[in-house]
Structure formats: structure tokens, C-alpha cells
2 protein chains.
Amino acid sequence: MTAIKESSTIQENKQYALEKCPVTFVMEKIGGYWKPIILYHLSTGDKRYSELKRAIPAVTEKMLIQHLKQLEADGLVIREAKPVVPPFVTYKLSSAGTGLLPVIDAMASWAFKMKDGVYNM
Amino acid sequence: MTAIKESSTIQENKQYALEKCPVTFVMEKIGGYWKPIILYHLSTGDKRYSELKRAIPAVTEKMLIQHLKQLEADGLVIREAKPVVPPFVTYKLSSAGTGLLPVIDAMASWAFKMKDGVYNM
DNA sequence: ACAAGTACTTACCCTAAAGTATGTATTATG
DNA sequence: CATAATACATACTTTAGGGTAAGTACTTGT
């Protein structure tokens with residue numbers, strides 16, 4: 001992960017937005033490019049790291065693990081590792097992560113309406 | 001023979017994600033840093049450009065106008081300009097933009113639950 | 001001996017998004 | 001005449017995020 005510069009305006013703005021805007025708070029958590037996709041794949045049940053990798057072929061390993069770590073740090077997913085070799089690691093949604101599913105659903109619903117031209121008038 | 005530069009992976013991935021993932025489709029529309037905030041402010045009624053500027057003091061004019069233009073191009077907001085001087089321009093949500101409000105609400109609801117510790121168990 | 005599978009890690013690079021600073025057109029008003 | 005107000009536009013710089021490529025540790029199978 002790259003170090004963040006605390007003094008930058010963008011960081012100050014993030015502080016402002018985080019305190020003032022709950023939507024931005026959510027964006028901070030699921031705004032990463034692959035995070036919604038990962039969340040979606042975990043919504044159908046626990047997945048091993050390699051299962052996620054295969055389920056999302058376009059994501060690079062660096063991005064996958066990076067986002068998984070962030071999601072874990074944010075308390076949205078839970079990592080469980082069995083002390084065996086080869087490693088056996090599964091990821092699943094926490095209760096907070098599960099609580100996000102209505103958001104994901106609302107998004108998907110809007111996207112489908114857009115594609116169906118429901119809002120073209 | 002010189003090698004021809006192929007299209008970047010990032011663009012291919014975007015194509016993949018847009019087709020496969022409705023959530024990413026939504027992120028494309030409202031993922032810009034200030035867009036959710038702008039949308040939120042428009043949800044309470046039409047606003048003049050200068051009203052938005054005052055309502056969101058931390059945003060720069062470049063970012064504000066840029067995001068407004070994108071939201072307009074995406075059909076989420078409608079711009080109305082009166083041919084007077086000084087200019088009088090108002091922005092309001094389109095039907096598609098209004099259709100996004102449940103998403104915003106779901107996000108806000110989750111954010112407040114998070115802050116209230118509802119998911120800490 | 002060595003390749004294969006699993007779950008990462010790390011160093012480096014490139015680009016898109018965001019920020020800074022300044023300029024534009026028009027008219028009313030002091 | 002100069003300033004204020006409004007709604008932008010634009011050249012330039014910085015930063016955060018994402019991508020590439022390669023390596024690590026450990027054990028089982030051939």
C-alpha cells in the first residue's frame with residue numbers, strides 16, 4: 001500500500017466529507033474498483049481466495065488481496081485461515097458486510113431500470 | 001516492424017465490469033468524489049450553481065462544474081439557464097436522478113447504523 | 001530433483017482524477 | 001471608470017489508485 005500524505009487538500013476534504021456526508025462514508029468503504037464485485041461474489045456464500053480469483057478473472061492478485069485486506073480492516077469481511085499447507089483461507093461477509101447488501105441491491109435495481117430505459121421520458 | 005500498442009488493461013477491465021456488474025455501472029455514474037454530495041443537495045429541490053457552491057464550501061469550482069456537466073451528460077441532472085445577465089442557472093434531478101435516491105438512502109441508512117455500532121457484535 | 005498449487009508480498013510504473021490558479025463575458029451600479 | 005456578481009473555462013501540477021512483473025514459503029505428487 002502506498003503511504004498517504006496527511007497534509008494534502010484531498011485528505012482534508014475527505015475528512016470534511018466523511019463527517020458531513022454518510023454517502024461518502026459508504027463510498028470510502030466500497031468505492032474501490034473491485035470491492036463491489038468482491039462483495040457480490042461473497043454475498044452468495046463463503047469463498048476461498050482462489051475461488052474468488054477464478055470467479056473474477058480480470059482482477060490481478062495484487063488488487064484482489066489489497067481490497068480483501070481493506071474490506072477486512074473495515075470490518076466488512078471476515079478472513080478465516082486454517083493452519084494447513086497448502087494454505088486454506090476463506091472469506092465471508094461480516095454482519096456489517098451483510099448489511100450492505102440492500103445498498104448493492106438498490107444499485108443493481110437502478111442499473112437495470114436504466115438499461116431497460118425506464119427513466120427515458 | 002514496430003509493435004502496436006494494444007488497448008490498456010484498465011479499459012478492458014472497465015468494459016468487463018460494466019457489462020458484468022451493475023454495481024460498477026452505478027459507480028461509474030456516482031463514483032466521482034463530489035457527485036453523491038451534489039446529488040444529495042439537489043434531492044431537497046432545485047439549486048442555482050452559486051447555491052450549490054455555497055452549500056458545499058469545500059468543493060472547488062472546477063470540480064463542481066465538472067461533476068455537474070458529467071451528471072448532466074449522464075442524464076441524472078437537468079440544467080436550466082435563463083438568458084439573463086448576470087446568468088441564472090438552476091440544476092435539478094431528472095427522473096433517473098430521482099430514481100437514485102433510494103440508493104442514497106440505503107447508503108445513508110447503513111452509514112448511520114455503522115456509526116451507531118449496530119453491526120458491532 | 002523439481003514442478004505445481006496456495007496465499008500472499010514487494011518494487012516499480014502509469015494514468016485518471018482531483019486540486020491550484022487564473023482568465024472570460026456580460027451588465028448594472030457607484 | 002472600475003468594481004461586483006454570475007457561471008463558467010483552461011493550463012498546469014499533484015496525488016491516489018490501479019497495473020505489471022517478479023518473488024516468497026511450504027508441502028505434495030511424479
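Computation of the quantities below employed the complete heavy-atom set of this structure, encompassing side-chain atoms and omitting hydrogens, waters and symmetry-equivalent molecules. We name chains A, B, ... by the order of the sequence lines, and we start the count at 1 in each one.
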Heavy-atom check, side chain of B/H41 versus side chain of B/E51, under 4.5 Å:
no
Side chains of A/K92 and A/L42 in contact at under 4.5 Å (non-hydrogen atoms):
no
For DNA chain C, determine which residues of residues 63-88 of chain B have any heavy atom closer than 4.0 angstrom to one of its atoms, and list them numerically.
B/M63, B/H67, B/V85
Side-chain N,O (B/Y91) to OP1/OP2 (D/dC8) below 4.0 Å:
yes
Please report the distance, rounded to the nearest Å, between NZ in A/K62 and P in D/dT24.
19 Å
Rounded interatomic separation in angstrom, taking CH2 from B/W34 and C1' from C/dA16
18 Å
Closest to the A/S50 side chain, choosing from D/dT20, D/dG18, C/dA7:
C/dA7
As a test of reading the structure: which of C/dA21, C/dC12, C/dT6 is closest to the side chain of A/R54, going by heavy atoms?
C/dT6
What is the distance, to the nearest angstrom, from the CD atom on B/E61 to the C1' atom on C/dT24?
12 Å
Kindly give the cluster partners of B/V84, where membership spreads through any ILVMFWY side chain lying under 4.5 Å from a current member.
B/F88
Could you state the OH-C1' distance from B/Y49 to C/dT24, rounded to the nearest angstrom?
13 Å
A/K29 and A/Q70: side chain to side chain donor-acceptor pair (under 3.5 Å), yes or no, with the steps?
CA-CA 8 Å; A/K29 307 292 184 186; A/Q70 286 174 15; over 6 Å; no
Compare side-chain N and O positions of A/R48 against OP1 and OP2 of C/dT6 and report whether any pair is under 4.0 Å apart.
no
Nearest-angstrom distance from the residue atom CG of B/L52 to P of D/dA7
10 Å
Atom CD of A/E51 to atom C1' of C/dC8: distance rounded to whole Å?
17 Å
Non-hydrogen side-chain atoms of A/W34 and A/I37 separated by less than 4.5 Å
yes
Decide whether A/E61 and A/Y49 meet the rule of one side-chain donor and one side-chain acceptor closer than 3.5 Å.
yes
For a 4.5 angstrom cut-off between non-hydrogen side-chain atoms, does A/L68 reach A/E72?
no
pair B/V77-B/L39: side-chain heavy atoms closer than 4.5 Å
yes
Using the rule given for side chain to side chain donor-acceptor pair (under 3.5 Å), can you reason through B/T44 versus B/K47, listing the C-alpha separation, both sets of side-chain angles and the distance that settles it, and then say yes or no?
CA-CA 9 Å; B/T44 58; B/K47 291 275 179 337; 3.1 Å; yes
Quick one: A/I56 CD1 to D/dG18 P, roughly how many Å, whole number?
13 Å
Five-pair end axes of the helix from C/dA1-D/dT30 to C/dG30-D/dC1 and the angle they enclose, rounded to 10°
30°
